[in-house]
Structures are given as C-alpha cells and as structure tokens.
S.K.: 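My questions all concern the structure below.
Below, all heavy atoms of this structure are taken into account, side chains as well, without hydrogens, waters or symmetry copies.
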Amino acid sequence: MILEALIAVAFASALVVLLSPDEWAGRLAFALSLIPFLGSLYLWSGFDGSGNALTGGEIAYRTQIEWLEVGGRSVSWFVGLDGISLPLVVLTTFLVPLAIVSAWTPIDARQSQFYGLMLFMEANLLGVFTALDFFLWFVFWEAVLVPMYFLIGIWGGPRRKYAAIKFFVYTNAASLLMFIGFMSLTFALGDSVSSFALPEITQAIADGGLGTWFGVAPGTIATVAFLAMFLGFAVKVPIVPFHTWLPDAHVEAPTPVSVLLAGVLLKMGTYALLRFNFTMLPDQASALAVPIAAVAVVSVIYGAMLALAQKDLKRIVAYSSVSSMGYVILGLVVFTEYGVGGATFQMVAHGLISGLMFMAVGVVYNATHTRMVGDMAGMADRMPVTVGILVAGAFGYMGLPLMAGFAGEFFIFVGSFSAPALPYAPLFTALAMFGIVIVAGYLLSAMQSTLFGPFELATDYEIGPAPFHDVAPLAALLIAIIVLGVAPDIFFEMIRDAAVPVVEGVSVDG
C-alpha cells in the first residue's frame, strides 16, 4: 500500500508543520516534503503498469478496499497509477519542495499555517491523480480548493479576498456542473455497474450499457453529460471564456502559491478532461471535435494577445498559461497517439516552465517590490544569475528546441496536423502554431524592457544578487526542463502506452 503511505505522509506532514513553531516551519516543511518526492521517485523506478488504468490496462500499485454503499453501488478506496497519472504525481512532489523554499523570503507571518496548508494541498493533489473511484476522487478534488482559498485569502495581495472568493465560487460552481454530468451517466448505466469505480464505468459505457433515463435517449444523455463535464473542467483548466478568475488569483497569490496553481492545479482540469471526457465518451468528443478545437485555438491566440497587452509581469505569465493550456486541449481532441500523448507531456512541461517563470518573477519582486514593466530596467547587471535563468525559462516558453516546452508542442503538432478525427486539422494546427509567434513577441518585449539596458528602478531599494535559497529552486527547475527536453522518453514512452487505448476507443466517423 505504498500510495496510501505516500498520501498519509503528506497529510501527517501537514499536521506536524501546522503545530510547529513559526521559526521552524519553513525548514521543517521542506524536509518533510522531500519524503513524498523520494517516494514518487521510488514509484517511478518500480513502475510496471502498461496501458490505461481506465480502459483495462494494468494498474501499478493498485489498492481497492470497499468503503461503503451509496444508492446500491459500492464506494471503495481505489487508487493506482498508470502512464498518465505517474508523471503528474512526480511533477507534484517535485514542485512542492521547491515552492516551499521559494516561500522562505516572502512569507514572514503565520508561517506554520502557510506551510501546513501547502502540504495539505499536496496530499489532496496526490489523491486527485491516483484515485480511481469517483467519490474518492471527488473528495480529493474538492478538498484542494480549501487550502488554496486560504493561501490566497490570507497571504495574498491587496485584493486577496476578492481573488480568493472569485476563485472559490468559479471552481466550486464548475464542480457542481461536472458532478451533475457524471452522475447522470452513472444513473443511465443502471444495473450494468455495481460501483463508482472509474474503470468499471468506462467499460460499461464502451459496452453500450447506457440506457434510456426518464425517456431521454442514451445518445442524448451521453452528449449532455459530456458537455456538463467539459464545461466544469474547462473552468479549472481554464480555457476561454472561463479564464477570468485566473489572472486575479495569480496576481494576488503569493509567489509559492502561484507556482503550484499554474504548475499543478491547472493540470487537474486537463487531467480530468482526459480521464472523463476523452476516455469515457470518445465518440461524443469526436462528434464535437470542431467546436472543441476552435475553443482550443481561440484560447491559444486570445490568451497570448491578452498577455501581450499586460504590464504586470505576473499577469503576463498568468495569461501565458491560458494560451499554453489551449495546446493541451487541441492535442486531446485530435485523438492520435502523439496528440493525446503530447498533451499529457505538455501538462508536465508547462508545469515546470510556468513554475520557473512565476518563481523567477517572484525573486525579482522580492528585490524590487514591483512587477510593472515600466518601473525597472537593467536588472541583468544587478541580478545576473536570476535574470539568466528567467531568460532561459522564457525561451523554454517560446518553444526553444532541447527544452521541455518544445518537445510537448512538437508532439502535439505532429499528432494534430493530419488527425483523421478532426476535420480541417491542418488549419487548426497552423492557427495554433501562430500563437508561438505572439508568445515570442510579448516575452521578448517584457524582457528587453525590464532586464536589459541602463539600470533604472522606480522603487527605492538596493538591488543585488538574490540569496542562494531563492536561486537554487530556479536552477533545479531549469535543469529539469532541459533534461526533459533532451530526453523526453523519460516520461513520453509510458504516456504513449497509456494514450493508445484512448485513441483506439474513438470512432472517426463519430
């Protein structure tokens, strides 16, 4: 029961840190957060699953214990890993210790509570990526909202209460919509399922188990459920036009929280879309491929254009996430091995790159106390290492070869250009690729204005090299981005094995 141990350690660590004195909390949280990270590396080293856990593949580290009965169906503690969930577990446990270290400089009040909530959020994130029973998964899914609400609402910026409430209302309403969509599916399956286990439900739908419910035809039920779940998860991703909560949350959140929000929490939405919509209901996804692809391309272009118009460095990176998640949606909807596999790989790549960008912007803010493009210039002379890593991360965002972002986008473009399940696939792909040009425009413009040229600073602070504990997490993230770009098969081989059953489950004719 190694997954249970991993989750239990994260919960126990959160409690220990929460009860510890403030002066110990940061170092203690970092030390305890290394245990789940080492545990995830152990899981990775011994991973022997093959295929997709929801479509009959082998589930690594599987545990299934019946818990209770609801409406004639059993709810169980059912956890396990496949090639889609394992990379996200490793990503989560890797980012959390680095985010904790990045908090040592800016967080100086109620530290035990801050770090305790960070670890509590990690425990629930691990549950989201490993749970294979819907009710268990939903408990973890909703529990993630609680620490994020308090982390923004207590330690955030001047408009923190507004941003925290907006985040909670948007995502909670979306969860309700998703829940209604999924439950309509399970009720329509009737006696063909005996539990809320996701693999059983997926197989029952594939076998034609959906029946008429209250006079509504099975095809209509499936389409309505697909749309309800898609809209619910789209808010979490987020994609246009459900993205408006994200910039406010990022700008008001402290830097370590922004790192986890962009690096991991947004992946909850794309992960759920893959698990529920595109795996359980592939024919509905294929039938709606054109509007979904259009939404993906709009998110890519519109998100990039919004970033181009920003003057706050944090807002620039926040809108970049909206653009990058559009690529993931495009990869999922094309239903090809490289499209779905590339989308999953891009979740990991974007988690690393966006984490690096938010963290680097945070280090600059710690020194200058401003994030506005017009308030500073020539930072490269005063903070050469930080600026060097920030520039490298920006090039990673732009898709520089031999970095993780390039590999993820390349896989998606290869998979989407001639996808048989998507009409006008070359056109959608070409339009999405144009987003890279806009990304280069706003990132290069922001870097030129703030990092180079004669030194200027609107605030009255002495600027020098950042302390080691601020730079070390940046270096670790940059190394990971380069390693994953040079050797993408570290993850992509297992991801591709899990993506193939999803691709095979779709009828190209809809």
Side-chain angles (χ1 to χ4, degrees), residues 3 6 40 43-44 46-62 78-95 125-134 136-137 140-141 197-203 206 229 233 236-237 263-282 285 325 327-352 404 407-408 411-412 415 484 488-506:
L3 280 180
L6 197 69
S40 71
L43 294 174
W44 185 11
F47 179 73
D48 60 357
S50 63
N52 191 305
L54 268 60
T55 58
E58 296 178 14
I59 304 174
Y61 309 107
R62 169 180 178 151
F78 187 10
V79 294
L81 292 175
D82 65 3
I84 290 172
S85 53
L86 177 59
L88 293 171
V89 167
V90 176
L91 172 68
T92 301
T93 60
F94 178 63
L95 280 180
L125 286 167
L126 294 176
V128 168
F129 295 133
T130 58
L132 294 173
D133 178 279
F134 175 74
L136 178 64
W137 174 87
F140 286 124
W141 175 272
L198 299 181
E200 182 184 357
I201 292 172
T202 304
Q203 189 60 51
M229 292 191 295
F233 296 137
K236 182 75 77 174
V237 172
V264 186
L265 264 74
L266 302 190
K267 312 309 175 290
M268 290 169 58
T270 48
Y271 171 80
L273 280 172
L274 174 55
R275 286 302 208 196
F276 290 81
N277 289 76
F278 293 96
T279 301
M280 290 183 177
L281 299 168
M325 290 298 97
Y327 290 117
V328 175
I329 303 299
L330 179 63
L332 292 178
V333 79
V334 300
F335 279 106
T336 61
E337 180 182 331
Y338 275 91
V340 177
T344 308
F345 186 91
Q346 178 69 355
M347 295 182 208
V348 180
H350 178 264
L352 295 171
F411 291 146
I412 291 171
L484 203 58
D489 269 355
I490 288 174
F491 281 140
F492 191 66
E493 187 175 349
M494 70 173 71
I495 290 172
R496 187 168 48 193
D497 288 342
V500 168
V502 179
V503 174
E504 293 174 345
V506 68

S.K.: What residues form a ring pair (Phe, Tyr, Trp, His ring centres under 6.0 Å) with Phe411, not counting sequence neighbours?
M.R.: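 Only Tyr338, Phe345, Phe492 meet the ring pair (Phe, Tyr, Trp, His ring centres under 6.0 Å) criterion with Phe411.
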S.K.: So do the side chains of Asp497 and Ser50 get within less than 4.5 Å of each other, counting heavy atoms only?
M.R.: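 The answer is no; the side chains never approach within 4.5 Å.
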S.K.: Is it true that Trp141 and Tyr271 have ring centroids separated by less than 6.0 Å?
M.R.: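 Judged by ring-centre distance (under 6.0 Å), Trp141 and Tyr271 do not meet the cut-off.
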S.K.: Classify the ring geometry of Phe276 against Trp137: parallel below 30°, tilted from 30° to 60°, perpendicular beyond 60°.
M.R.: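 If you compare the ring of Phe276 with that of Trp137, the planes turn out tilted.
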S.K.: Under the criterion side-chain contact (heavy atoms from CB on, under 4.5 Å), I'd like the reasoning laid out for Val502 against Leu332: C-alpha separation, chi angles, the key distance, then a yes or no.
M.R.: CA-CA 10 Å; Val502 179; Leu332 292 178; over 6 Å; no
S.K.: Quick one: closest heavy-atom pair of Ile59 and Ala53, and the distance?
M.R.: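 Heavy-atom minimum between the residues: CG1-CB, 3.8 Å.
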S.K.: Minimum heavy-atom separation for Val348 and Pro87, please, with both atom names.
M.R.: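 Heavy-atom minimum between the residues: CG2-CB, 3.8 Å.
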S.K.: Just verifying a value: how many Å separate Leu3 CG and Arg62 CZ, rounded to the nearest 0.5 Å?
M.R.: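 Rounded to the nearest 0.5 Å, the CG-CZ separation comes to 12.5 Å.
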S.K.: List the atom of Ala349, the atom of Ala404, and the distance in Å for their closest heavy-atom pair.
M.R.: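 Distance-wise, the nearest heavy atoms are CB-O, 3.5 Å.
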S.K.: Can you name the salt bridge (Lys or Arg N to Asp or Glu O under 4.0 Å) partners of Asp133, sequence neighbours left out?
M.R.: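 Partners of Asp133 under the salt bridge (Lys or Arg N to Asp or Glu O under 4.0 Å) test: none.
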S.K.: side-chain contact (heavy atoms from CB on, under 4.5 Å) between Phe233 and Met268: does it pass, once the steps are laid out?
M.R.: CA-CA 8 Å; Phe233 296 137; Met268 290 169 58; over 6 Å; no
S.K.: Search all heavy atoms of Leu126 against all heavy atoms of Thr130 and return the closest pair with its distance.
M.R.: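 So the two residues come closest at O-OG1, 2.8 Å.
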S.K.: Among all residues two or more places apart in sequence or in another chain, which pass the ring pair (Phe, Tyr, Trp, His ring centres under 6.0 Å) test with Tyr61?
M.R.: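 In terms of ring pair (Phe, Tyr, Trp, His ring centres under 6.0 Å), with neighbours along the sequence ignored, Tyr61 is linked to no residue.
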S.K.: Could you tell me which residues satisfy side chain to side chain contact (heavy atoms under 4.5 Å, CB included) with Glu337, sequence neighbours excluded, listed by chain and number?
M.R.: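 Side chain to side chain contact (heavy atoms under 4.5 Å, CB included) check on Glu337 returns Arg496, Val500.
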S.K.: So how far is it from Leu132 CG to Thr202 OG1, rounded to the nearest 0.5 Å?
M.R.: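 Spacing of CG (Leu132) from OG1 (Thr202) equals 9.5 Å.
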S.K.: Please tell me if the side chains of Met229 and Leu281 come closer than 4.5 Å, counting only heavy atoms from C-beta onward.
M.R.: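 Yes, side chains in contact.
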S.K.: Let me confirm one number: the OG1-CG distance from Thr344 to Leu274, rounded to the nearest 0.5 Å.
M.R.: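 That separation rounds to 5.0 Å.
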S.K.: For Phe491, check ring pair (Phe, Tyr, Trp, His ring centres under 6.0 Å) against everything at least two apart and list the hits.
M.R.: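 Residues passing ring pair (Phe, Tyr, Trp, His ring centres under 6.0 Å) with Phe491: Trp44.
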S.K.: Locate the shortest heavy-atom distance separating Gly408 from Gln346; write the atom from each residue and the value.
M.R.: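 So the two residues come closest at CA-OE1, 3.5 Å.
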S.K.: Rounded to the nearest 0.5 Å, what's the gap from CZ on Arg275 to CZ on Phe134? Could you check?
M.R.: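 That separation rounds to 14.5 Å.
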S.K.: If you compare all heavy atoms of Tyr327 against all heavy atoms of Ile412, which two are closest, and at what distance to 0.1 Å?
M.R.: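 In this case the closest contact between Tyr327 and Ile412 is O-CD1, 3.5 Å.
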S.K.: Starting from the C-alpha separation in whole Å, work towards a yes-or-no answer on side-chain contact (heavy atoms from CB on, under 4.5 Å) for Glu58 and Asp48.
M.R.: CA-CA 8 Å; Glu58 296 178 14; Asp48 60 357; 5.8 Å; no
S.K.: Ala499: what forms a side chain to side chain contact (heavy atoms under 4.5 Å, CB included) with it, not counting sequence neighbours?
M.R.: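 Here the qualifying residues are Val340.
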S.K.: Kindly indicate, with the supporting measurements, whether the criterion ring pair (Phe, Tyr, Trp, His ring centres under 6.0 Å) is fulfilled by Phe278 and Phe335.
M.R.: CA-CA 8 Å; Phe278 293 96; Phe335 279 106; 5.8 Å; yes
S.K.: Rounded to the nearest 0.5 Å, what separates atom CD1 in Ile495 from atom CG in Asn52?
M.R.: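 That separation rounds to 12.0 Å.
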S.K.: Do Leu198 and Met280 make a side-chain contact, defined as non-hydrogen atoms from C-beta onward lying under 4.5 Å apart?
M.R.: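 Of all side-chain heavy-atom pairs linking Met280 with Leu198, at least one is under 4.5 Å.
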S.K.: Between NZ of Lys267 and CG of Leu88, what distance do you get to the nearest 0.5 Å?
M.R.: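 One gets 9.0 Å once the value is rounded to the nearest 0.5 Å.
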